[in-house]
Amino acid sequence: MSLAAMMAETPTLDWITDPALVRQKSRDFFWYSPVLKRQLNRVTGEAVVAVRSEAEVIAVLGAAHTHGVAVTARGAGTGNYGQAMPLAGGVVLDLSGLDQVVWCKPGVVRAQAGVKLIDLDAQTRQAVGGELRFHPSTKRTATIGGFIAGGSSGIGSTTYGILREPGNILGLRVITCEAEPRVLELRGDDVQQVNHAYGTNGIITEVELPLAPVWEWMDLVVAFPTLGAAAGFADAICRMDGVAKKLACVIAAPVAQDHFKNLGAAVPPGQSIALMMIAEPFMDLMPAIIAGHGGTELHRIASDDAPVPLYEHSWNHTTLQALKTDKSITYLQTLFPAPDHLALVAKMEAIFGDEVPIHLEFVRFGGAVCCFGLQLVRFTTEERLAEIIAIHEAAGAPIFNPHTFTLEEGGMKRVDARQLEFKRAADPKGLLNPGKMIAWDDPDWQPGRPQSVHLYETDYAAPAELLD
Ligand code: FAD
């Protein structure tokens, strides 16, 4: 491979080669996991190319194919399992310059992949009175392309489920990595070929999404004497299809008290909390529902007036708030499947107690209300972490392992034949984000086989003086 030849062929592109800057743009929030921190800390690309148009994406991918250079896409680099880290070195393709809304009409928006979610939401609200159906808690920083390629669900999943559910992505425009890159428009179920593929089988340049009606959202914090009472309340609200809501988050004591700078002092010792976002017209219903579950309202404010958005204490932000005050904390990503999710949560609470403080996000998933767990873990050893994961899985609570950087191990623990097939056609040399799709190297992979990280130990490790 020759990066120098690729750069010489594309001199008008915006290339960055300063090692410190390249390393900065080669990292994401992988350090959330002590396992990934150990495995990926030396990973860096050799150059960054910041594109400003789809034509430049095509130029990069054509030249990468010609010269055999690895290309790893990057939106804002907020992924939390090393998704955007270039395991094989090569080029980091910065897509944040593709930041335009292409068009919007009532109910639908089409935008370039690098537009920030917060800007996208603001523009569709103003232009057509619609907002994103759901967004990650990184709304203020992340891009829409990065969310689709690397994320799954978030604030709004109380009503609309996860990205993979039919109807949540209407269309994707994708560029292949071939001698003559093709521009493909995927629609209908074909979007799943590229959705949540970590940019391993095509580069998304445009997305088309349905919108939800805009409400005036209210942030609401409620305290409960037990985790079970808080979970019962969030579960009940999530089932009220007549009530417009977009957050139903439950956090066990003493997480808020110990780690939430803004809210913590208001939460009584020993009490668990529910963080809710409810549309303003439905707030009149809340006092009776809260009382019925034994709760006490602690705080309410219009979401637009909150100094820090309440959602930045939910989803993966709960872990971030905790990490700010205790660097030894890590986390899990768990499905507590319907209909026995509340019983399963209670069982895990009884087994692990304060070693795994519980954090739940109630969602409507596959048409049923259940909850995802993003529990905190008081980390001791990698062996104990693996044991905690195994106990959850044996009890019927699958873990989407956030301590691995591969698609298969972090997801459904199986090879996605459609995504692999798409990669064979769209990236025949295997240059896009190498090392993240195990099936490319081992199509017969089964869970339990070790990760292929050793395949991607390269000469492009960051210089020792840049390591922290
Ligand atoms: P990046 O991190 O830059 O990229 C993510 C992946 O997509 C990488 O594999 C990258 O190679 C690929 N990629 C990026 N752009 C493209 C493109 N145009 N074409 C092809 N591939 C591309 N995730 C959730 O789902 N829900 C949450 O609520 C949530 N909360 C979070 C909270 C915190 C504090 C943190 C650190 C992370 C959270 N995440 C969450 C994960 C992440 O922030 C989101 O998934 C986010 O949307 C990623 O966007 P990004 O622009 O930062 O993508």
Side-chain angles (χ1 to χ4, degrees), residues 25-33 45 51 54 57 60-61 70-87 91-99 111-118 120 132 134-157 162-164 168 172-177 193-207 246-247 249 309 311-324 331 333 359 361 363 372 374 400 402 405-407 410 426-427 432-437:
K25 292 268 184 185
S26 298
R27 294 159 77 80
D28 58 16
F29 282 70
F30 72 105
W31 48 264
Y32 258 48
S33 159
V51 287
E54 186 177 271
V57 176
V60 169
L61 296 180
V71 175
T72 300
R74 179 182 180 88
T78 67
N80 43 314
Y81 352 105
Q83 295 107 307
M85 295 181 69
L87 300 185
V91 170
V92 173
L93 173 59
D94 179 351
L95 290 142
S96 59
L98 297 187
D99 60 357
Q112 290 186 312
V115 66
K116 277 190 185 174
L117 295 161
I118 191 158
L120 181 55
L132 291 170
F134 52 95
H135 61 79
S137 58
T138 43
K139 176 181 176 182
R140 295 206 284 179
T141 44
T143 66
I144 186 63
F147 182 42
I148 289 173
S152 67
S153 46
I155 294 91
S157 292
I162 69 170
L163 279 170
R164 197 173 280 279
N168 281 333
L172 296 176
R173 189 170 162 102
V174 177
I175 314 298
T176 65
C177 187
Q193 296 171 124
V194 173
N195 173 30
H196 201 76
Y198 293 1
T200 56
N201 61 3
I203 300 299
I204 302 166
T205 54
E206 288 182 13
V207 309
K246 63 178 185 181
L247 182 66
C249 164
Y311 65 72
E312 288 188 5
H313 299 79
S314 72
W315 290 84
N316 283 133
H317 264 83
T318 311
T319 312
L320 185 60
Q321 301 288 359
L323 276 166
K324 282 181 190 167
Y331 71 124
Q333 295 185 160
H359 160 205
E361 296 293 342
V363 295
F372 295 142
L374 291 97
F400 303 102
F405 53 79
T406 64
L407 277 165
D427 178 27
L432 295 179
N433 207 353
K436 302 292 170 54
M437 184 191 277

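Start at 1 and go down the list; that is how both ligands and their atoms are numbered.
- In this structure a side-chain-to-backbone donor-acceptor pair under 3.5 Å is present from Glu361 to Trp315.
- Asp427 is linked by a salt bridge (charged side-chain N to carboxylate O under 4.0 Å, His left out) to Lys423, counting only residues two or more places apart in sequence or in another chain.
- Taking the six-membered ring where the residue is Trp, the centroids of Tyr32 and Tyr331 are separated by under 6.0 Å.
- Judged by distance alone, with hydrogens and angles left aside, the side-chain atoms of Lys436 form no donor-acceptor pair with the main-chain N or O of Ala197 at under 3.5 Å.
- A distance limit of 4.0 angstrom between heavy atoms and ligand 1 selects the residues Phe29, Tyr32, Ala73, Arg74, Gly75, Ala76, Gly77, Thr78, Gly79, Asn80, Gln83, Ala84, Leu95, Ala113, Pro136, Ser137, Thr138, Ala142, Thr143, Gly145, Gly146, Phe147, Ala149, Gly150, Gly151, Ser152, Ser153, Tyr198, Gly199, Gly202, Ile203, Ile204, Trp315, Asn316, His317, Leu320, Asn433.
- No side-chain donor-acceptor contact under 3.5 Å links Asn80 to the backbone of Pro402.
- For the side-chain contact (heavy atoms from CB on, under 4.5 Å) with Val71, the lone residue among Val57, Asn433, Leu432 that qualifies is Leu432.
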